[in-house]
Amino acid sequence: MPASGSSGASGSSAIVSVAIGQWAVATAPAKIRTLLGSCVGVILHDRVARLGGLAHIVLPDSRGETDHPGKFADTAIPAMIGEIERKFQVKANGRLVAKLVGGASMFTTSGNANPVLNIGLMNQEAVERILGELRIPIMARDLGGANGRHLTLDTTSGIVAVRIPGGADYEL
Amino acid sequence: MESILSKAQCRLLWMIFERGAESASQALSKWLGQEVRLTISEVELVELTVAAEVLGPPETLVAACAMSLSGPLSGQILLVFEDRSGLALVDLLMHQPVGTTASWGELEQSAAQETTNIVGCTYLNALAAHLPGKISRDSPASDELVPTPPTFLREFAGSLLEFALMEQALELDQVLLIHTSFASSSQELNLNWSLLFIPDRASLHALAAALTELETH
């Protein structure tokens with residue numbers, strides 16, 4: 001299985017869908033979308049080059065596993081940045097900004113701490129640490145809660161449109 | 001990574017869960033006053049990306065009732081309705097023409113929750129009676145399959161599955177879900193419902209060990 005989702009053509013008006021444990025990159029005017037539950041979506045955008053990426057992250061730490069790089073924060077983020085630089089011949093340093101979405105928790109369990117809830121927090125911490133090390137500023141966070149989120153990155157503007165079931169749409 | 005269950009073990013599980021489906025069919029038919037049949041449509045280890053689409057397009061809005069399960073088997077049971085066919089459930093219970101109920105109010109949610117209670121508990125009782133002996137032996141004698149009261153949700157199908165499968169996804173690249181479909185002899189009743197049983201990791205390992213023992217005896 002390819003590590004990234006379909007990247008979409010440069011300059012295409014396509015909408016690229018990202019499945020769980022995958023990422024995708026694209027240039028304007030393409031849009032990139034995904035549906036989140038408890039996973040964390042990491043959105044990167046370069047306003048100058050008008051391009052971006054979205055990774056649908058499941059777990060914080062790959063612990064050396066190489067089979068599914070899109071699943072883990074510590075492999076997906078560097079791989080997504082690497083693909084942006086290779087595919088679009090840009091240098092990501094100093095240009096990319098990030099937005100974080102997701103990490104909701106629907107099912108709570110009684111008794112001991114919910115490992116899924118903890119993973120949501122661990123994902124958030126891992127992503128923030130990795131982005132900090134890469135000096136990529138986080139411009140917005142929409143994390144936690146108990147609902148799924150459908151999000152779409154507009155690579156032209158960097159705006160992330162979020163839909164939640166039974167609620168008003170909003171933008172980050 | 002090696003699969004936690006072999007194809008042969010999945011087939012064994014299918015047979016066990018069919019017993020649950022038969023009992024649930026009878027209980028649901030009695031509850032609705034219409035003949036309804038539950039059949040197991042899937043017992044399979046699948047990639048997360050495939051599992052996320054088992055209810056159709058992930059961005060489809062669905063109504064669902066969820067029960068958490070504890071005891072010898074733990075995990076989640078979800079009764080999921082495509083919106084309109086879920087509302088048909090309420091019409092049947094209220095003895096009114098299908099298509100009358102238009103939205104999920106308190107009464108409608110309550111009807112869905114009670115239906116989930118009936119279907120879920122009957123399913124589980126039949127399951128408990130046919131579980132491989134090792135699972136029952138390895139549990140304390142007082143443990144029985146205990147569901148929580150159902151919670152009503154409206155959610156994107158893909159998000160719902162992600163929530164339910166996340167516990168398995170913490171450790172496994174392939175996840176197990178047991179998918180039951182509904183059918184009715186009535187032409188006006190389109191039962192686009194699904195019943196999903198999603199065991200957690202501990203139960204998955206327990207099932208694998210018990211099925212291995214069953215195969216070697």
Side-chain angles (χ1 to χ4, degrees), chain A residues 1-3 5 15 17-22 33-41 56-63 65-68 70-72 101-112 114-120 122-123 145-152 162-167, chain B residues 1-2 46-70 74-78 83 103-104 109 146-175 198 200-202:
Chain A
M1 177 181 290
I15 297 179
S17 289
V18 176
I20 184 171
Q22 297 191 342
R33 69 181 181 192
T34 197
L35 192 58
L36 295 167
S38 40
C39 295
V40 171
H56 186 138
I57 286 166
V58 183
L59 291 169
D61 189 349
S62 64
R63 297 181 189 182
E65 191 198 305
T66 54
D67 283 347
H68 299 90
K71 196 174 168 182
F72 307 98
V101 183
S105 178
M106 177 181 283
F107 303 117
T108 56
T109 55
S110 58
N112 294 332
N114 183 343
V116 178
L117 178 59
N118 288 340
I119 281 295
M122 288 166 67
N123 276 338
N147 281 115
R149 292 169 173 92
H150 182 282
L151 62 104
T152 306
V162 183
R163 271 199 294 137
I164 57 173
Chain B
M1 184 181 288
E2 212 174 293
V46 294
E47 296 285 336
L48 267 175
T49 48
V50 173
E53 306 216 3
V54 85
L55 294 174
E59 61 274 9
T60 307
L61 200 57
V62 295
C65 289
M67 298 197 297
S68 294
L69 197 58
S70 59
S74 43
Q76 297 289 334
I77 287 192
L78 300 171
D83 247 11
S103 62
W104 289 102
Q109 291 181 29
V146 180
T148 58
T151 309
F152 182 86
L153 314 152
R154 286 188 85 220
E155 188 50 83
F156 299 118
S159 299
L160 182 66
L161 286 163
E162 185 169 295
F163 286 127
L165 290 165
M166 185 51 60
E167 217 277 342
Q168 285 190 34
L170 295 181
E171 181 187 314
L172 306 167
D173 292 324
Q174 290 190 318
V175 293
I198 301 171
D200 60 20
R201 286 172 296 156

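Chain letters run A, B, ... following the sequence lines, proteins first, then strands; residues in each count from 1.
In this structure, Cys39(A) and Met166(B) have side chains that are in contact, with non-hydrogen atoms separated by less than 4.5 Å. Proximity of Arg149(A) to Ser159(B): side-chain heavy atoms (C-beta onward) are nowhere separated by under 4.5 Å.
Residue Leu48(B) touches chain A through both its backbone and its side chain, counting heavy-atom pairs closer than 4.5 Å.
Taking all atoms of both residues into account, the shortest heavy-atom contact from Thr49(B) to Ile20(A) is CG2-O, 3.4 Å. Taking each heavy atom of Pro165(A) and Phe156(B) in turn, the nearest pair found is CD-CE1, 3.5 Å.
To the nearest 0.5 Å, atom CG of residue Leu61(B) and atom NE2 of residue His150(A) are 11.5 Å apart. Rounding to the nearest 0.5 angstrom, the gap separating the CD atom in Glu65(A) from the CG atom in Asp173(B) is 5.0 Å.
Although no hydrogens or angles enter the test, the distance criterion places no donor-acceptor pair under 3.5 Å between the side chain of Glu162(B) and the main chain of Leu36(A). Looking only at distances, no side-chain donor or acceptor of Glu59(B) sits under 3.5 Å from a matching main-chain atom of Leu35(A).
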